Amino acid sequence: MGGLGLVPDPHGGRRAPRVRALRPALDPVGAAPTAGAAGHGIILGTKPQTPATGGPDAMPDFADASYRDAFRHTASHILAQAVKRLYPETKLAIGPTIENGFYYDFDHDGSFTPEDLTAIEAEMEKIVRDHYMVERFELPRAEARALMLEKGEPYKVELIDDLPADAAISFYKQGEFTDLCAGPHIQNTSAVRAFKLTSTAGAYWRGSEKNKMLQRIYGTAFPDKKQLDAYLAAVEEAKRRDHNKLGRELKLFTTVDYIGQGLPILMPKGAKIIQILQRFVEDEEERRGYQLTKTPFMAKSDLYKISGHWDHYRDGMFVIGDESKGEEALALRPMTCPFQFQVYLNESRSYRDLPMRLNETSTLFRNESSGEMHGLIRVRQFTISEAHIACTPDQLEEEFRGCLDLARFMLEAVGLDEDVSYRFSKWDPNNRDKYIGDPEKWDAAQALMKQILDHLGLDYVEAEGEAAFYGPKLDIQIRNVHGKEDTLITVQIDFQLAERFGMEYTDRDGTKKNPIVVHRTSIGCYERTLALLIEKYAGAFPAWLAPVQVKLLPIAERHAEYAEKVAARLREQGFRVETDAREEKIGKKIREAQLEKVPYMLVMGDKEADSATVAVRSRREGDLGTMPLDDFTDKLGSEVRMRVRP
RNA sequence: GCUGAUGUAGCUCAGCCGGCAGAGCAGCUGAUUUGUAAUCAGCAGGUCGUGGGUUCGAUCCCCACCAUCAGCUCCA
């Protein structure tokens, strides 16, 4: 089932990085119109290059990412053109191509209703039918500005004013509609035969919450209806795999309005999976030289003042007590580091103690803003296997490598090793308030991290402004069913907190030094990992993770006793078993066990009871025939040991 | 926090222009004792998210709040 857990892109295109609002609209692509281009296969306004498809008359290849992007970029202009026709007072912002579609941001009074979208789609149909040629032209800055002022487009004027001095200022015109745009576009609106406006949303102008919120319309477009329908069907399929839906259906978790947002209840089956994962993680960490700690869930503000959380993370914390009223303030912990450092500080350390690897399965509390919560992916309380490694500079690379190796081992074990991407998260030097420490320390830590990443040969993207407040991170991200990426694992290098907490070691030469601290997680943000696993396996977990591994299905009431015996035998051997002893027909019991996604069903009637055997049914493969119970337990046992994927 | 949508039985969903709340599945009871994806019948189940307001009368209209979803911003 390739592309596990994704919205399949029907054209197998390389995925773009997660959308950043400002990205494509104004990348000046220093462009000249493709000379003599004819037909809508040609991309208009790209850097001179060999035609993607071999010649002006060749059919364009929608699988080609540059053509597809130009195609959808033109679709976004068709959208904007339709909106301007229907709502002339609307101001245009930006309208880039994104993965699987496009959007356009408008400054529009009120919002776009579903009826509005239908009307806009109808208008777009007309624009497509009218076969407008798309023309590109450039203007000097002053004229470009004048044109946009004349058209009453303040956002476009602002964009022009922010363009670098040497940028070509290009426009694209189709019919009566002209838009400031870097392109590229296809040459005729008629190619956009199949499209759909998929949703509306608010989005801040230029991605800053200080700015006005604009109305965004999302859509997607394809050369023909068949491809559009295939895409929409894939989106529907992804919804069926959504952990938030499946996880509730399978009774893994639930939420309760009057408990609050981001505070899921893990039901017995969900809790069981998390327990299995947690034991697996802790055992592996112990094998790799980590020592387990258990530290408090809250602390006085004093601790967070030392760590920097009080000044740089307070909005993210649940604080009890108000210092401004002279009360003692306590805060629930949003991270484990300042607590675990106390273990290091408990006695004086020497270089011989390093590296010191401390792990803890800790429950953390973060006061996420109210619009952020989502199923098990974004919650306010979660449990994570964190570790902090204190080491010397020469040990750092080795330790970092060890963290990455552990992360990969675990991802491979649970089956999340595909769909992984690496992000090197750096600080934003223009936003000093967010971070502790001076630029020299940041530069040093980031340079070192980059060097290590490059030594490891990782294929990563860099992200400015994504660092933790105390240091840069390597974020290991996993795509969910909807194609969105979430950080599951992070490895961070910290040059700062050891000094703040006075953590030292005596080196060989007798001098005191601060250790470097590596902060790392594993797959052990258990709620999020569970969410991703639900989506990965569509709820049908591998046997080693399945909350119920075997369902016993006695044919009739008289077989219940035999079923109980078999259940007891299986439980003795550590298997997770349920028995369906209802007075129902076997077909119904099987159907329900299948829907519960239990890996194995054991059907037992007179034949099996008489011969001490079981009729094995695999959820995936159906009836496997009758066999002695031991044969089945051998099979299941090895599947569990080997962590076989379904 | 911001924009928008949504909230009816445990679940999935009907419920017109304001006039006593409906189905299927699940549950319970009875019958059936069943051989690889749904046996039949009956019963029970709802302060229509919560709190205000308008109205003779509110699931329906208005306001606030809570929660969920799609995004934005933020983030494991």
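Keep in mind that what you see is a predicted model, and the values were worked out from it rather than measured. Just so it is clear: chains get the letters A, B, ... in the order the sequence lines come, proteins before strands, and each one is counted from 1.
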Exercise. Should the ring pair A:H388 and A:F341 be called parallel, tilted or perpendicular, given that the plane angle runs from 0 to 90° and is split at 30 and 60?
Worked result: perpendicular

So, [X] versus [Y], ring centres under 6.0 angstrom or not?
X	Y	answer
A:Y103	A:Y218	yes
A:H374	A:H243	yes
A:Y87	A:H108	yes
A:Y104	A:F106	yes

Using the [atom1] atom on both, measure [N] against [M] and round to a whole Å.
N	M	atom1	result
B:U68	B:U12	C1'	16 Å
B:C25	B:G42	P	12 Å
B:C63	B:U3	P	14 Å
B:A14	B:C56	C1'	29 Å
B:G46	B:C72	C1'	37 Å
B:C60	B:G7	C1'	14 Å
B:A21	B:G49	P	14 Å
B:U47	B:U59	P	13 Å

In whole Å, what is the span from the [atom1] atom of [X] to the [atom2] atom of [N]?
X	N	atom1	atom2	result
A:H309	B:A76	NE2	C1'	13 Å
A:R206	B:C72	CZ	C1'	16 Å
A:L474	B:A76	CG	P	13 Å
A:K210	B:C74	NZ	C1'	12 Å
A:L117	B:U3	CG	P	19 Å
A:K473	B:C75	NZ	C1'	7 Å
A:L553	B:A38	CG	P	13 Å
A:D315	B:C2	CG	P	15 Å

For this session: Going by the ring pair (Phe, Tyr, Trp, His ring centres under 6.0 Å) test, name the single residue among A:W427, A:Y470, A:Y313 that passes it with A:Y435.
Result: A:W427

Exercise. Distance check: side-chain N/O of A:K589 vs OP1/OP2 of B:U39, anything under 4.0 Å?
Worked result: no

Exercise. Counting just side-chain N and O atoms, does A:K588 come under 4.0 Å of either OP1 or OP2 of B:A26?
Worked result: yes

Using a heavy-atom cut-off of 4.0 Å across all strands, would you classify [X] as base, sugar-phosphate, or nothing?
X	result
A:I377	base
A:K245	nothing
A:T521	nothing
A:K239	nothing

Exercise. For residues A:T363 and A:T383, is any side-chain donor paired with an opposing acceptor at under 3.5 Å?
Worked result: yes

Exercise. Can you give the dot-bracket line for RNA chain B, where a pair is Watson-Crick or G-U wobble with both atom distances under 3.5 Å, crossing pairs use [ ], and | marks a partner on another strand?
Worked result: (((((((..((((.....[..)))).(((((.......))))).....(((((..]....))))))))))))....

For this session: Between protein and nucleotides 60-71 of chain B, map the contacts as a letter string: B base, S sugar-phosphate only, - none, heavy atoms under 4.0 Å, written 5' to 3'.
Result: ------SSSSSB

Problem set entry | Least distance between heavy atoms, A:K91 atom then A:P154 atom | CD-CD, 3.8 Å

For the [atom1] atom of [X] and the [atom2] atom of [Y], what is their distance to the nearest 0.5 Å?
X	Y	atom1	atom2	value
A:L488	A:N480	CG	CG	11.5 Å
A:Y304	A:H312	OH	NE2	16.0 Å
A:L416	A:I476	CG	CD1	11.5 Å

Problem set entry | A:N359 side chain vs A:L292 backbone, donor-acceptor pair below 3.5 Å | yes

Exercise. Does NZ or CZ of A:R620 lie under 6.0 Å from the centre of the six-membered ring of A:Y537, at an angle within 45° of the ring axis?
Worked result: no

Exercise. Cation over ring, A:R366 on A:F382, under 6.0 Å and within 45°?
Worked result: no

Quick one: which protein N/O atoms are closer than 3.5 Å to N/O atoms of nucleotides 33-36 of chain B? Pair and distance per line, please.
from: B:U33; atom 1: O2; to: A:E557; atom 2: N; distance (Å): 3.1
from: B:U33; atom 1: N3; to: A:E557; atom 2: OE1; distance (Å): 3.1
from: B:U33; atom 1: O4; to: A:E557; atom 2: OE1; distance (Å): 2.8
from: B:U33; atom 1: O4; to: A:E583; atom 2: OE1; distance (Å): 2.7
from: B:U33; atom 1: O4; to: A:E583; atom 2: OE2; distance (Å): 3.1
from: B:U34; atom 1: O4; to: A:E583; atom 2: O; distance (Å): 3.3
from: B:G35; atom 1: O6; to: A:D606; atom 2: N; distance (Å): 2.9
from: B:G35; atom 1: O6; to: A:K607; atom 2: N; distance (Å): 3.3
from: B:G35; atom 1: N1; to: A:E608; atom 2: OE1; distance (Å): 2.8
from: B:G35; atom 1: N1; to: A:E608; atom 2: OE2; distance (Å): 3.4
from: B:G35; atom 1: N2; to: A:E608; atom 2: OE1; distance (Å): 3.3
from: B:G35; atom 1: N2; to: A:E608; atom 2: OE2; distance (Å): 2.4
from: B:U36; atom 1: O2'; to: A:R617; atom 2: NH1; distance (Å): 3.1
from: B:U36; atom 1: O2; to: A:R617; atom 2: NH1; distance (Å): 3.2

Exercise. On a plain distance test, is the side chain of A:R378 in donor-acceptor contact with the base of B:C74 below 3.5 Å?
Worked result: yes

For this session: Nearest-nucleotide wise, let me know which of A:L488 and A:Q594 is further upstream toward the 5' end of RNA chain B.
Result: A:Q594

Exercise. Looking at the angle O4'-C1'-N9-C4 for a purine or O4'-C1'-N1-C2 for a pyrimidine, is B:C61 syn or anti, with syn meaning within 90° of 0?
Worked result: anti

